[in-house]
K.L.:
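Below are the structure tokens for one structure; questions will follow.
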Amino acid sequence: MASTLDIDPTFKHALKLLHSPHSDATEKIRNLLDELIKQRYGSGKTLINSLSKKHLGEEPLAGGSNLYVRKQKVIEPKPIPVINVDPDPEPMASGTIECIVSAPEALTMPPMPSGSILISTSDLEGNDEDDDVVMEEDKLKELEDLMCVVCRLMDVSARNRLVECADCHALYHQECHKPVISEADANDEENAWYCTLCRTKQTVTKLPATALVSTPPITIATSPSPTVSSSASKSTSHSKGNSGSSNKSAESSSSSSSSGSSKHKSSKSGSKSSDSSHERDRDRDRDRGERDRDRDRDRDRDRDRDRERERDRDRSSKSSSNSGAGGGGSSSSSGGGAGSAASSAVGTPRMSSSSAEKTPVAKGNEGFAAKAPATLDPSVPKKIVSAIPKQRQQLLKWNGWGYKDSRFLYQDGTIVFTGDRYPIGGKVSLPHFRDYVIENFNVDLSDRREGVPVPNEFPDPVPCPEFLQDVRRSGIDCTQNGEDRLIRCHGQTLHDVHMMRTGTFKRIPDVVLFPVSHEQVEQIVHYANRHNVVLIPYGGGTSVSGSVTCPEGETRPIAALDTSQMNRMLWIDRQNLVACFEAGIVGQDLERELRQLGFTVGHEPDSYEFSTLGGWVATRASGMKKNVYGNIEDLLVRVKMVTSQGVLERSLAVPRVSCGPDFNHLVLGSEGTLGVITEVVIKIRPLPQVKRYGSLVFPDFGSGVRCLREVARERLQPASIRLIDNEQFVFGQALKIPGGPLATVADQLKKVYLTRVKRLQLDRIAIATLLFEGHEAQVKQHEAKIFAIAKQHGGFSAGSSNGEKGYILTFVIAYIRDLALDYSIVAESFETSVSWDRCEALCTNVKSCVRKECAKHNIQHYLISCRVTQTYDAGACVYFYFGFNHAGFANPVTIYEEIENKARDEILASGGSISHHHGVGKIRSRWYPQSVSNVGVQLYKATKRELDPNNIFAAGNLIPIELQDSASETSCLKAKL
């Protein structure tokens, strides 16, 4: 059905009331629209009948807004007409969010071709296909004085109102005008506001004729609001009563400003001549093409974000006022964990939390009242749907590295890589790799020895009924399922994986806990101290130091505290470029969510797909792009850790503070021995405009090291610069996907060029891979300077494709160990950091040491190689890769560990460190006293006794077991004190 709705004075008056500041404007609009609705639909569909039952409890949204809010069921946002045609709306759910229901969100009235203008409502829920309204174009012209002259819309919101120019009387949305009209200018009652055209009075450069962007039919819709957790909604609802008056006061102030603007317009609306009006129209037309291009892309997104930002500020202020009134400065929550989680969910970073009645935690948790960041992103707080499920074994290997569907396999006479997650995947044949494995390791690829299947029987858990009773009473998810316990008993060391593949594990956790918030972690720590239960924090399970392995001699119950369900984005501060995340978020989830908002952390360790933010902090992790973004200690602004004595957290989120020892560094590298990391504030950066790869060829490894040293001296490091030795170069070439005849010819030409033109020896050359990020001009300049330095050391460019392949290959190398173990090869990597003057010598010495040890054990087929992965002003990080064929050896892992230990001794003797970023854990704890001195060990032990007097965080990391304080000794010491 199509009918004509004339724009009579009554309807036009109703539209004008949309911008009225008077308190009775809403009621007048409702009455006028009811008259129109009654004529068409009957009295049963009027607003007073269809809305009053649900919306009489509405209250102001924010200062300066005529919109209203109410409680509504959490559903997917859908466009709804301003006329409610559903007399029986769905009942409200317990979990609710606040959304806009009154004034239409977008009343689009663009210029259209001659003829009738269609107001489409056929796509709206609850409307029939023929339920359309036709309006004549000449009727709409009467409403032009109510439209924004840029976007031709009349919609308004709390942060995007229509503002009138005091000179030409044109209306502009705050965001449509360039520059954007600030809130201060929009609310300034004393000083008149002038648009850019009237303020400058300059001739606008004429733009080429541009076809205007076509606009859709006139729609009346609401914009989607991001879903907020139910706990956040409860907190917001609880705090409404304390802030209603402030909102009304703000509305009154905004109304006064709007009223003054309307009076000004009424007094001067007819004073301009037709000539000036035509001139003004021409100026507008000139601008419209450029503005329309920007408007269509940004208008809807920015309007939604501004609206949500205003809501978050209101919620934050309301929650703060409630906390101050009821808690006497403490951040306690009467609702236990849920209430505290709600406070975090609305974007306010709290310093410490405790609840005397509902949350039984240790004393010392009283914190500081912290202000929320001034510019919070409206897309958060947000619960992240992780790429890694809670039941990890559904997606990941239980006894190896990475995804189940991604692995190297020998089939049909060649080696392939399965799955499509990586560029090398898709079961593409790798014949060069097959030949390399056979030649260098002398293996029989027809003799595959796969590990044991997932066991059906598991060790019985050590009883802890009282602990489990308290945990379950508090609503904390937990399980004693054998498979879940087994999955979380190990990391990714060679010892761990071999133990799983052979079924020789000895100690697994007795229970797995899945807290969902900081408050639940506080409860768990309290219960663990009460019932003498050991807690081992578990993040992504990628540790290569033995840090999550259960101590075999521990007789107390062991609980694996899995942080995977604590993965919310709590808030993002765009202005200060910082963000707060819960510690359980996985690296790939963190980066994906930030990229959707136009940001990046830039922290990319090799384990980035599976490791967690909390794990990065606990091990002092480093990423491949640290040259631009920094290591984790550079990215960390503030961290929250739950200890047995309370919550340890710095009260300020500032770039630097001179306030005694920095306790952030007490948490960094603590490896789960002092407490549980729950929330982390980190730096973020805008996404780079350009991402470019590159590669360099050097005559030998030493020339490459000297080049990297010079690049570091000049502080010209790109996002990533890594140097591989000849052994790794040959290994990488074996992983190349073979091409056709032309590719074979090209490879031969490259060899001729390297050997005859450049006169290089293929068995000595070294390769550097580069990654540049930044602005185009900056990247070009960076490339030129680095290539010039490389030339001084005999190096030259080898193209971008080699650099990209080398960089991406890093994420695939870890899968090779699983293939190796299938064919009697044990392999592992270890790393160190060293000063520049000792870098090359250390690499030579460690390789020589490994070769001697292999000869001593009669190992004939092995690989030892190295690469420089990160560079600094004073030194570099060096990785070593070592593997050998253990056919005929009864205890291959023991032999490997003996050789690696000898290599570690040589590293320390050559001036290297115990670890650059893998951490200490258990397998490197023997060298910890040598690295930090006896005084350092005693200082750590004193800190441990203070923060964990009952030794419930007894993972056994950092300090050798013979130097650790037992729980009984700690109790005795406390008694003496």
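Values in this document were obtained by computation on a predicted structure and should not be read as measured data. Computation of the quantities below employed the complete heavy-atom set of this structure, encompassing side-chain atoms and omitting hydrogens, waters and symmetry-equivalent molecules.
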K.L.:
Checking Val428 against Phe417 for the side chain to side chain contact (heavy atoms under 4.5 Å, CB included) test, could you report, in this order, the C-alpha distance in whole Å, the side-chain angles of both residues, the deciding distance, and whether it holds?
P.N.:
CA-CA 7 Å; Val428 177; Phe417 189 78; over 6 Å; no

K.L.:
Does Pro389 offer a backbone N or O that forms a donor-acceptor pair with the side chain of Ser386 under 3.5 Å?
P.N.:
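No, the answer is negative, given that no donor and acceptor are paired below the 3.5 Å cut-off.
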
K.L.:
Specify the closest pair of heavy atoms between Glu591 and Gly602, including all atoms of both residues, with the distance to one decimal.
P.N.:
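Nearest pair, atom of Glu591 first, then Gly602: OE1-N, 3.8 Å.
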
K.L.:
Has Arg392 got a side-chain atom pairing as donor or acceptor with Gly540's backbone, closer than 3.5 angstrom?
P.N.:
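Here the side-chain-to-backbone pair exists.
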
K.L.:
Examine distances only and state if a side-chain atom of Asn664 and a backbone atom of Val637 form a donor-acceptor pair shorter than 3.5 Å.
P.N.:
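Answer holds: yes.
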
K.L.:
Going by the salt bridge (charged side-chain N to carboxylate O under 4.0 Å, His left out) test, which pairs reach into residues 665-674, not counting sequence neighbours?
P.N.:
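Counting only pairs at least two positions apart or across chains, no salt bridge (charged side-chain N to carboxylate O under 4.0 Å, His left out) contact touches residues 665-674.
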
K.L.:
My understanding is that only residues two or more places apart in sequence, or in another chain, count here; which of them pass side-chain contact (heavy atoms from CB on, under 4.5 Å) with Asp634?
P.N.:
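Expected list: Asn631.
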
K.L.:
Evaluate the side-chain proximity of Tyr608 to His603: yes if any heavy-atom separation is below 4.5 Å, no if none is.
P.N.:
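No, their side chains stay 4.5 Å or more apart.
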
K.L.:
Are any of the side-chain nitrogens in Lys625 or Glu604 under 4.0 Å away from the carboxylate oxygens of its partner?
P.N.:
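Here Lys625 pairs with Glu604 in a salt bridge, since their nearest N and O are under 4.0 Å apart.
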
K.L.:
Any side-chain heavy-atom pair from Lys683 and Val601 closer than 4.5 angstrom?
P.N.:
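Answer no - side chains too far apart.
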
K.L.:
Strictly by modelled atom types, are Asn529 and Ser644 linked by a side-chain donor-acceptor pair under 3.5 Å?
P.N.:
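Judged by distance alone, the side chains do pair up.
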
K.L.:
Answer whether the closest heavy-atom distance between the side chains of Val497 and Asn399 falls below 4.5 Å.
P.N.:
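Val497 vs Asn399: side chains apart.
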
K.L.:
Any chance you could measure Thr600, atom OG1, to Lys691, atom NZ, to the nearest 0.5 Å?
P.N.:
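Interatomic distance, Thr600 OG1 to Lys691 NZ, rounded to 0.5 Å: 8.0 Å.
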
K.L.:
Which value, rounded to the nearest 0.5 Å, describes the distance between Tyr527 atom OH and Ser474 atom OG?
P.N.:
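Rounded to the nearest 0.5 Å, the OH-OG separation comes out at 2.5 Å.
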
K.L.:
Please test Glu633 against Val617 for side chain to side chain contact (heavy atoms under 4.5 Å, CB included), starting from the C-alpha separation and ending with a verdict.
P.N.:
CA-CA 8 Å; Glu633 66 268 22; Val617 175; over 6 Å; no

K.L.:
State whether Asp822 and Arg501 are salt-bridged, where the test is any N-O pair (Lys NZ or Arg NE/NH1/NH2 against Asp/Glu carboxylate O) under 4.0 Å.
P.N.:
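Salt bridge present between Asp822 and Arg501.
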
K.L.:
Would Leu594 and Leu590 count as a side chain to side chain contact (heavy atoms under 4.5 Å, CB included) if you check the C-alpha gap in whole Å, the side-chain angles of each, and the deciding distance to 0.1 Å?
P.N.:
CA-CA 6 Å; Leu594 282 178; Leu590 184 152; 3.7 Å; yes

K.L.:
Working to the nearest 0.5 Å, report the span between CG of Leu674 and CD1 of Ile677.
P.N.:
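Output value for this atom pair is 9.5 Å.
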
K.L.:
For Phe408, which of Tyr422, Phe433, Trp401 qualifies under ring-ring contact (aromatic ring centres under 6.0 Å, His included)?
P.N.:
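By the ring-ring contact (aromatic ring centres under 6.0 Å, His included) criterion, Phe408 pairs with just one of Tyr422, Phe433, Trp401: Phe433.
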
K.L.:
Considering only NZ, NE, NH1 and NH2 on the basic side and carboxylate oxygens on the acidic side, decide whether Asp405 and Arg421 come within less than 4.0 Å.
P.N.:
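Yes.
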
K.L.:
In terms of relative ring orientation, are His917 and Tyr879 parallel, tilted or perpendicular, with 30° and 60° separating the classes?
P.N.:
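The rings of His917 and Tyr879 sit tilted, inter-plane angle from 30° to 60°.
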
K.L.:
Does either side chain, that of Asn481 or that of Thr479, offer a donor lying less than 3.5 Å from an acceptor on the other one?
P.N.:
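No, because no side-chain N or O of Asn481 sits under 3.5 Å from a partner of the opposite role on Thr479.
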
K.L.:
For His518 and Thr678, test the side chains for any donor-to-acceptor distance below 3.5 angstrom and give the result as yes or no.
P.N.:
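Distance-only check passes for His518 and Thr678.
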
K.L.:
For Cys550, is there any backbone N or O sitting under 3.5 Å from a side-chain donor or acceptor partner on Lys922?
P.N.:
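Side chain of Lys922 to backbone of Cys550, a donor-acceptor pair under 3.5 Å: no, none is there.
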
K.L.:
For Leu958 versus Ser670, what's the shortest heavy-atom pair and its separation?
P.N.:
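Taking every non-hydrogen atom into account, CD1-O, 4.1 Å.
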
K.L.:
How long is the gap from OG1 on Thr563 to CD on Glu582, to the nearest 0.5 Å?
P.N.:
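Going from the OG1 atom of Thr563 to the CD atom of Glu582 covers 9.5 Å.
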
K.L.:
For the atom pair CD1 (Ile572) and NZ (Lys382), what is the distance rounded to the nearest 0.5 Å?
P.N.:
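The distance works out to 9.0 Å.
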
K.L.:
How about Asp484 and Gln393: does a side-chain donor come under 3.5 Å of a side-chain acceptor?
P.N.:
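Per modelled atom types, Asp484 and Gln393 side chains form a pair under 3.5 Å.
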
K.L.:
Would you sort out whether Phe830 and Phe882 count as a ring-ring contact (aromatic ring centres under 6.0 Å, His included), showing the intermediate values?
P.N.:
CA-CA 8 Å; Phe830 50 96; Phe882 171 51; 7.5 Å; no

K.L.:
Can a donor-acceptor pair be found, under 3.5 Å and without considering hydrogens, that links the side chain of Thr418 to the backbone of Arg407?
P.N.:
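Yes, the answer is positive, given that a donor and an acceptor are paired below the 3.5 Å cut-off.
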
K.L.:
Are Lys390 and Phe514 in a cation-pi contact, defined as NZ or CZ under 6.0 Å from the six-membered ring centre and within 45° of the axis?
P.N.:
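Yes, a cation-pi geometry.
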
K.L.:
Which atom pair, heavy atoms only, marks the closest approach of Cys478 to Leu468?
P.N.:
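The answer is SG-CD2, 4.4 Å.
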
K.L.:
Which atoms form the tightest heavy-atom contact between Ile508 and Pro459, and what is the distance?
P.N.:
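Of all heavy-atom pairs spanning Ile508 and Pro459, the closest is CD1-CD, 3.7 Å.
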
K.L.:
Ignoring hydrogens and angles, tell me if any N or O in the side chain of Asp818 forms a donor-acceptor pair with the backbone of Gly400 under 3.5 Å.
P.N.:
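No; judged by distance alone, with no hydrogens or angles, the pair does not exist.
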
K.L.:
Going from CG on Asp562 to CD1 on Ile536, what distance comes out if it is rounded to the nearest 0.5 angstrom?
P.N.:
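Asp562 CG to Ile536 CD1: 12.5 Å, rounded to 0.5 Å.
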
K.L.:
Between the side chains of Arg817 and Gln492, does any donor sit under 3.5 Å from an acceptor?
P.N.:
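Side-chain D/A pair, Arg817 to Gln492: present.
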
K.L.:
Is the closest side-chain donor-acceptor distance between Thr549 and Asp496 under 3.5 Å?
P.N.:
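Per modelled atom types, Thr549 and Asp496 side chains form a pair under 3.5 Å.
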
K.L.:
If you define the side chain from C-beta out and look only at heavy atoms, does anything of Thr769 sit under 4.5 Å from Arg722?
P.N.:
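Touching, per the 4.5 Å side-chain cut-off.
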
K.L.:
With respect to Asp470, which candidate in His531, Gln523, His526 satisfies the side-chain hydrogen bond (donor to acceptor under 3.5 Å, both in side chains) definition?
P.N.:
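Only match with Asp470 under side-chain hydrogen bond (donor to acceptor under 3.5 Å, both in side chains): His531.
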
K.L.:
Strictly by modelled atom types, are Thr810 and Asp606 linked by a side-chain donor-acceptor pair under 3.5 Å?
P.N.:
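No pair is found: no donor N or O on one side chain lies under 3.5 Å from an acceptor on the other.
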
K.L.:
Given side chains that start at C-beta, do those of Val647 and Lys640 come closer than 4.5 Å, heavy atoms only?
P.N.:
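Result yes, sub-4.5 Å side-chain heavy-atom pair found.
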
K.L.:
Main chain of Gly426, side chain of Asp420: is a donor-acceptor contact present, judged purely on distance under 3.5 Å?
P.N.:
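No, Asp420 side chain to Gly426 backbone: no donor-acceptor pair under 3.5 Å.
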
K.L.:
Can you name the closest pair of heavy atoms from Ile632 and Trp616 and give their distance?
P.N.:
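Here Ile632 and Trp616 meet closest at CG2-O, 3.7 Å.
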
K.L.:
May I have the step-by-step check of side chain to side chain contact (heavy atoms under 4.5 Å, CB included) for Val548 and His490, ending in yes or no?
P.N.:
CA-CA 6 Å; Val548 297; His490 67 91; 5.7 Å; no

K.L.:
Between Met624 and Tyr807, is any pair of side-chain heavy atoms under 4.5 Å apart?
P.N.:
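The answer is yes; the side chains approach within 4.5 Å.
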
K.L.:
Taking side-chain contact (heavy atoms from CB on, under 4.5 Å) as the test, write out the residues that go with Gln411, two or more places apart.
P.N.:
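So Gln411 forms a side-chain contact (heavy atoms from CB on, under 4.5 Å) with Leu409, Val416, Lys427.
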
K.L.:
Report yes or no: does Gln520 contribute a side-chain atom to a donor-acceptor pair with the main-chain N or O of Val516 at less than 3.5 Å?
P.N.:
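Checking the backbone N and O of Val516 against the side chain of Gln520, a donor-acceptor pair under 3.5 Å is found.
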
K.L.:
Can you confirm whether Arg507 sits close enough to Cys489 that some side-chain heavy atom of one is under 4.5 Å from a side-chain heavy atom of the other?
P.N.:
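No, side chains not in contact.
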
K.L.:
For Thr643 and Val525, work out which heavy atoms get closest and say how close.
P.N.:
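Minimum heavy-atom contact is O-CG1, 3.7 Å.
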
K.L.:
Is the backbone of Tyr403 close enough, under 3.5 Å, to the side chain of Tyr815 for a donor and an acceptor to pair up by distance?
P.N.:
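Checking the backbone N and O of Tyr403 against the side chain of Tyr815, a donor-acceptor pair under 3.5 Å is found.
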
K.L.:
Do we get Arg685 above Tyr629's six-membered ring, with its NZ or CZ under 6.0 Å from the centre and within 45° of the axis?
P.N.:
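No; the conditions do not both hold, so Arg685 does not lie above the ring face of Tyr629.
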
K.L.:
Using atom types as modelled and distance alone, determine if a side-chain donor or acceptor of Lys383 lies under 3.5 Å from a backbone N or O of Gln565.
P.N.:
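Looks like yes, one N/O pair under 3.5 Å.
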
K.L.:
Would you say that Phe811 contacts Glu609 through its side chain, given a criterion of any heavy-atom pair below 4.5 Å between the two side chains?
P.N.:
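Heavy-atom side-chain distance check passes, below 4.5 Å.
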
